[in-house]
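In this text, all values refer to a predicted model and were calculated from it rather than measured experimentally.
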Amino acid sequence: MATCGEAANLDGVEHNRCIDDDLMIRFAHHDKALMDFLGVEITEGDLFDPKPTIIKHRDNRDKGQRQFCGCMVSKDIGEYNTCPHLCEYCYANASKEVAVRNWERAKETNWKSETITGK
């Protein structure tokens, strides 16, 4: 069990993050470019202590979020009316036709933009 953006320290309940740099480090510590981006230094273990040493040189927390939010800085790449799956219950597409058009346009431009619609 975990909380999101909660100030209280509850016994047995962790503080969670949607965009978690510690989780990225845990599962992708072998990705040097990502570790450099996150400001992480990893030194390999030795004969007596085989576990690698992980040192975070900076706080990646997004200072623009709520006071107790632990998410790291990120960029939302999602856009409304762009999902090609067209699920009936989905809030992301107000128009299936516009979503398909936007998706097709993105494929035609070979994904050269930072966003699907190019905006």
Side-chain angles (χ1 to χ4, degrees):
M1 188 179 328
T3 62
C4 176
E6 177 63 47
N9 286 317
L10 306 169
D11 190 33
V13 180
E14 294 182 37
H15 292 278
N16 211 354
R17 297 175 285 233
C18 299
I19 305 161
D20 188 342
D21 58 342
D22 287 338
L23 195 63
M24 290 179 199
I25 294 165
R26 182 173 157 202
F27 288 106
H29 61 271
H30 57 278
D31 185 327
K32 181 167 176 15
L34 179 59
M35 295 303 105
D36 289 346
F37 174 78
L38 294 174
V40 173
E41 178 185 344
I42 299 176
T43 56
E44 295 302 320
D46 58 28
L47 179 63
F48 301 105
D49 187 6
K51 290 179 67 177
T53 302
I54 298 171
I55 302 168
K56 284 173 64 174
H57 290 289
R58 71 171 163 260
D59 178 11
N60 293 311
R61 187 180 163 278
D62 187 346
K63 311 303 187 273
Q65 297 295 335
R66 295 166 293 151
Q67 182 179 0
F68 298 105
C69 176
C71 291
M72 66 173 280
V73 174
S74 63
K75 179 178 182 179
D76 187 353
I77 61 169
E79 288 183 84
Y80 289 113
N81 293 314
T82 58
C83 182
H85 298 291
L86 308 176
C87 300
E88 292 298 326
Y89 57 84
C90 183
Y91 65 90
N93 290 332
S95 165
K96 290 180 180 183
E97 294 76 22
V98 172
V100 169
R101 252 193 334 266
N102 285 334
W103 184 259
E104 292 301 324
R105 185 178 330 129
K107 288 193 316 188
E108 290 168 9
T109 61
N110 292 317
W111 310 101
K112 301 244 190 279
S113 176
E114 284 191 27
T115 62
I116 291 175
T117 60
K119 296 177 185 170

A side-chain contact here means heavy atoms from C-beta on lying under 4.5 Å apart; do Met24 and Ile19 qualify? yes

Cys83 to Leu86 - nearest heavy-atom pair and separation: O-CD2, 3.7 Å

Of the non-hydrogen atoms in Phe68 and Arg61, which two are nearest, and what is the gap between them? N-NH2, 4.3 Å

Tell me whether the count of non-hydrogen atoms from other residues, nucleotides or ligands lying under 6.0 Å of NZ in Lys63 goes above 12. yes

Heavy-atom pair of closest approach, residues Leu34 and Asp31: N-OD1, 3.0 Å

Salt-bridge test for Lys107 and Glu104: reply yes if a basic N is under 4.0 Å from a carboxylate O, no otherwise. yes

Please round to the nearest 0.5 Å and tell me the distance separating atom CD1 of Ile54 and atom CD of Glu41. 11.0 Å

Determine whether Glu79 and Asn81 make a side-chain contact, defined as any pair of heavy atoms from C-beta on separated by less than 4.5 Å. no

Donor-acceptor pair, distance only, cut-off 3.5 Å: does the side chain of Asn60 make one with the backbone of Met72? no

Cys71 and Cys18: which non-hydrogen atoms are nearest, and at how many Å? SG-N, 3.3 Å

Test of understanding: clusters of I, L, V, M, F, W, Y form through side-chain heavy atoms closer than 4.5 Å, transitively. Do Met1 and Leu10 belong to the same one? yes

How close do His29 and Met35 get, heavy atom to heavy atom, and via which atoms? O-CG, 3.6 Å

Is Trp103 linked to Val98 within one hydrophobic cluster, defined over Ile, Leu, Val, Met, Phe, Trp and Tyr using a side-chain heavy-atom separation of less than 4.5 Å? no

Quick one: closest heavy-atom pair of Gly70 and Arg17, and the distance? O-CD, 2.6 Å

Kindly check if the number of other-residue, nucleotide or ligand heavy atoms within 6.0 Å of NE2 (His57) is above 12? yes

Establish whether Val73 and Val40 are linked, either directly or via other cluster members, by ILVMFWY side-chain heavy-atom contacts under 4.5 Å. no

In terms of side-chain geometry, is the basic nitrogen of Lys32 or Asp36 positioned less than 4.0 Å from the acidic oxygen of its partner? yes

With a cut-off of 6.0 Å (strictly less than), are more than 12 heavy atoms of other residues, nucleotides or ligands near NZ of Lys56? yes

Should we count CD of Glu14 as having more than 12 external heavy atoms under 6.0 Å? no

With side chains defined as the heavy atoms from C-beta onward, is the minimum distance between His15 and Asn9 less than 4.5 Å? yes

Polar side-chain atom of Asn93 near backbone of Thr82 as donor-acceptor pair, under 3.5 Å: yes

Cluster question for you: counting only ILVMFWY and a side-chain heavy-atom cut-off of under 4.5 Å, with indirect links fine, are Leu23 and Ile42 together? no

Contact between Ser74 and Gln65 at the side-chain level, heavy atoms closer than 4.5 Å - yes or no? no

